Amino acid sequence: MKTRTHRCGDLRVEHVGQTVTVCGWVDTKRDRGGVAFILLRDVAGKVQLTFAEEINPELLAATKEVRHEFVITATGKVRERDAENKTTTMASGDIEIAVESFEILNTAVTPAIEVRDDLKCDSELRLKHRFIDLRRRPMQAMLQARAKLLECARETLGGEGFLEVETPVLYKRTPEGARDFIVPSRAHRGQFYALPQSPQLFKQLCMISGLDRYYQVARCFRDEDKRADRQPEFTQIDIEMSFPTRDDVMELFEKVVGNVFKGIREDARFKDQSWPVLSGSEVSPPFERMSYEQAMRDYSIDRPDLRSRDLKLTDLTGWAAGCSFNAFKGVAEKQGLVKALRCPGLVDGFSTGQLKNLERDAKGMGATGLANLKVTDAGLEGGIAKFIPEVEQKAMIDGVGAKPGDLLLICAHEKHKIVHAVMHNMRLLIAEKLGLHDNSKFAICWIIDFPLFEYREEDEKLFASHHPFTLPQDVARVREMAEISRKGGEPHPVARMLRGGVKIEEILALRNNQYDLVINGIEIAGGSIRMHRTDDQADVFELVGIGKEEADKKFGFLMSALDHGAPPHGGIASGVDRLLMLLLGLDNIQDVIAFPKSATGRDLMIDTPNDVEPALLDELGVKMIPKPEK
RNA sequence: GGGGGUGUAGCUCAAUUGGUUAGAGCGUCGGCCUGUCACGCCGAAGGUUGCGGGUUCGAGUCCCGUCACCCUCGCCA
């Protein structure tokens, strides 16, 4: 085999006259009898190999046995094509190689899926034959963009003095959060490792070790049910720094994002791609900041899609409390939530059946119903309008700023969560219908001032809304609450605080030092300033009901580390897969991962998970229990 | 775990709503063609209709179960 001199896709007019040797896969073969053409493909692109009877009949005859996807190497002279034979369908379209010799390096069976840019087939087949799928140009470009993204991030972080540190994959089960993947230990029969959901604690330990600035391209594992934008294993750019303010971390990450956009935009390899990142709007730090409270008020979600920023929700609870429609009034009286979405100009946007379907969707999310009202010159029409007197109608129309020709969607429920879920989804649907969610627009914002705690009524428990290591904004007040709770009495911290005179509203009004970066309604990154003092950390553990004993058992190594001179620290973690999806305008995470798993978490190519030998289970001390009959 | 969708030739899809021998395009294989570039022309092969059961004189079509893939709700601190 001769040494390759050039890559197929790199050859241009400037190479005319040179004798070159190229290697690659047979993309197509066009046999015209006395002349034949083979399109040879490699990672850089394609080039045409030409064979002619008048030049070398034996060589032409030998092309007979060449088939699609054979691997061949060819040597010949690069020559410029005649003007009428040039093509713009490929970058090397001005030239061709007049082949003088070629060799079949390997044959290939006909692949199950075609190697073509616009392949349209079931994802099952693509996953099963991933090594063929990855031969396609869009997939190779995706992998190049992914590598470029990481390259830009590393370059930025390296330049800012961050040290890339690897942390263990064999970690420890964490009782909170997502389900863990567990790994049985042979040496310690009956005991298990767990795969990390994130390197959270290790990066904090790196700060305590004095590394000052850490980052890692970390693989994370969560054994939850999959979604279009979720995989059981995914990649995060994980960052932590010492002595930062909240702004320091946010500004640093803005730099990372800015450089990723810039790096991919300026990479010549991608100029033939139609990705949003290449044609989309500018991203220029500093990014807008929005409080959690405002996001929930205007958009009912903590990751609002601001491409449709003017499509805001209105809180009608106050209006509902005094209205004549009992369903709304009742909800308002029970401290529920009533929210309205003004759909501009959509008074005739939906058929009766479509409106029914919207309501069905809302009910699917737990709503009792979804009211729709048409705004006309005469007032409100349709559905529940007859239950609402004219004066109240006018107040409502003024309240939501509606104009004749608008459609109003209203959801009311005792549980705020349900109203938020419904109205967020309706807002997305309406924005989509109004064509506001163009994916070449990038609407970026930080969400800040998140609640420190969430409250679960069922068992009267508080949860850290980010994670329990996040620094509260008002550490002193948290201390006071923890002191009250520590006095004991009732079984739950919340009950103890209530008895101690703390109002539940006040607990829920506490804010933390978390920040999430949201682009087009997708959470791209999230992080926080952490607690670096044991006493602060103990206060938060106290309020979320993790006693000293439990804290020692679960996070003893952290508590101990904090006691050894932990510096103030904070950081951020960003989902590489989701960011890449956004940049490339894709809506399935499988399309940005080289070897992804299916929606049920199977790898269809290597066929895993699979059974293991019973003897191995014995050695591990693991017993298989058959799935119970239904 | 709940709901929805899909499953017919190697691939993408049809099959007049239960009726003769399940078709087409692409691909594959063979032949022809000296400038193709989604080459063209002629011809051929290729099917356990995901799998199992049922209803029926008769099932790709209807029913039950099951498997796989996709979407969605729950879940994902």
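By convention in this document, chain letters (A, B, ...) are assigned in the order of the sequence lines, proteins followed by strands, and residues within each chain are numbered from 1. These figures come from a predicted structure and were not determined experimentally.
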Under 4.0 Å, heavy atoms only, any strand: does A/Thr174 hit a base, just the sugar-phosphate, or nothing? nothing
Which is true for A/Gln48 with a 4.0 Å heavy-atom rule: it touches a base, it touches only sugar-phosphate, or it touches nothing? base
So which nucleotide does B/A59 pair with, by the Watson-Crick or G-U wobble rule with both distances under 3.5 Å? none
I want to check one thing: is the phosphate of B/C69, taken as OP1 and OP2, less than 4.0 Å away from some side-chain N or O of A/Gln590? no
Given B/U12, B/C71, B/G35, the nucleotide with the shortest approach to the side chain of A/Lys120: B/U12
Strictly under 6.0 Å, is that where the ring centroids of A/Phe541 and A/Phe555 end up? yes
Hey, is the side chain of A/Asp82 pairing donor to acceptor with the base of B/G35 inside 3.5 Å? no
Tell me: CD1 of A/Ile132 to P of B/G10, nearest whole Å? 17 Å
Quick check on RNA chain B: between A/Lys417 and A/Pro111, whose nearest nucleotide comes earlier from the 5' end? A/Pro111
With both distances under 3.5 Å as the test, what is the Watson-Crick or G-U wobble partner of B/A77? none
Is the phosphate of B/A77, meaning OP1 or OP2, less than 4.0 Å from a side-chain N or O of A/Arg222? yes
Out of B/C71, B/G35, B/G27, minimum distance to the side chain of A/Thr110 belongs to B/G27
Take atom P in B/A68 and the same atom in B/G60, then report the distance between them in whole Å. 25 Å
Whole-Å distance, A/Asn588 CG to B/C69 C1', equals 11 Å
A/Arg116 side-chain N/O to B/G27 phosphate OP1/OP2 under 4.0 Å: no
Quick one: do A/Gln273 and A/Arg137 satisfy side-chain contact (heavy atoms from CB on, under 4.5 Å)? Show the steps, please. CA-CA 10 Å; A/Gln273 298 298 324; A/Arg137 173 64 195 153; 3.7 Å; yes
Out of B/C76, B/C69, B/G35, which has the shortest distance to the side chain of A/Arg230? B/C76
Donor-acceptor pair, A/Glu224 side chain versus A/Ala178 backbone, under 3.5 Å? no
Side chain of A/Thr600 only, heavy atoms from C-beta on: which candidate in B/C69, B/C73, B/G10 is closest? B/C69
Heavy-atom nearest pair, A/Ile546 first then A/Ala551, reads CG2-N, 3.6 Å
Between A/Lys553 and A/Glu549, is there a salt bridge with N-O shorter than 4.0 Å? no
Nucleotide forming a Watson-Crick or wobble pair with B/A24, both distances under 3.5 Å: B/U12
Starting at the 5' end of RNA chain B and moving along, which residue's nearest nucleotide shows up first, A/Asp31 or A/Glu224? A/Asp31
Which part of the nucleic acid does A/Ala52 contact within heavy-atom distance under 4.0 Å: base, sugar-phosphate only, or nothing? nothing
Please classify the nucleic acid contact of A/Leu125 as base, sugar-phosphate, or nothing, using heavy-atom distances under 4.0 Å. sugar-phosphate
Taking the side chain from A/Thr87 and the backbone from A/Gly93, do they hold a donor-acceptor pair closer than 3.5 Å? no
Which is true for A/Leu604 with a 4.0 Å heavy-atom rule: it touches a base, it touches only sugar-phosphate, or it touches nothing? sugar-phosphate
Could you state the atom-to-atom distance from CD of A/Glu124 to P of B/G50 in whole Å? 13 Å
Donor-acceptor pair, distance only, cut-off 3.5 Å: does the side chain of A/His467 make one with the backbone of A/Phe469? yes
Given the ring of A/Phe350, does A/Lys433 sit roughly above its face, with NZ or CZ under 6.0 Å from the centre of the six-membered ring and within 45° of the axis? yes
Go through B/U36, B/U28, B/C75 for me and flag the one nearest to the A/Phe37 side chain. B/U36
In this structure, how many angstroms lie between the P atom of B/U72 and the CG atom of A/Asp587, rounded? 9 Å
Given B/C37, is OP1 or OP2 found less than 4.0 Å from the side-chain N or O atoms of A/Thr89? no
Using atom P in both nucleotides, what's the gap between B/U48 and B/G10 to the nearest angstrom? 7 Å
Quick one: look up who B/A45 pairs with, Watson-Crick or G-U, both distances under 3.5 Å, and put none if it's unpaired. none
Within the 4.0 Å heavy-atom criterion, would you say A/Arg79 contacts the bases, only the backbone, or no part of the nucleic acid? base
Between B/A22 and B/G27 - P atom distance, rounded Å: 25 Å
Between B/G10, B/U12, B/G35, which one does the side chain of A/Thr50 approach most closely? B/G35
Given B/U36, B/A77, B/G74, the nucleotide with the shortest approach to the side chain of A/Gln200: B/A77
In whole Å, I'd like the distance from the CG atom of A/Leu49 to the P atom of B/G35. 18 Å
Going by purine N1 to pyrimidine N3 plus the second Watson-Crick contact, or the G-U wobble pair, all under 3.5 Å, which nucleotide sits opposite B/U6? B/A68
N/O (side chain, A/His68) to phosphate O (OP1/OP2, B/G27) under 4.0 Å: no
What integer distance in Å separates A/Glu114:CD from B/U12:C1'? 9 Å
Which one, B/C70, B/G35, B/G74, comes nearest to the side chain of A/Arg81? B/G35
Which one, B/A68, B/C37, B/U12, comes nearest to the side chain of A/Arg30? B/C37
Below 4.0 angstrom from OP1 or OP2 of B/G30, is there any side-chain N or O of A/Arg67? yes
Assigned glycosidic conformation for B/U72 [threshold 90° from 0]: anti
Expressed as a whole number of angstroms, how long is the span from A/Asp122:CG to B/C11:P? 10 Å
In terms of side-chain heavy atoms of A/Thr87, which of B/C73, B/A77, B/C37 is nearest? B/C37
Between C1' of B/C39 and CD1 of A/Ile38, the distance in whole Å: 15 Å
Kindly say whether the aromatic ring centers of A/Phe253 and A/Tyr515 come within a distance under 6.0 Å. no
Which whole number of Å gives the distance between the P atom of B/U21 and that of B/G58? 14 Å
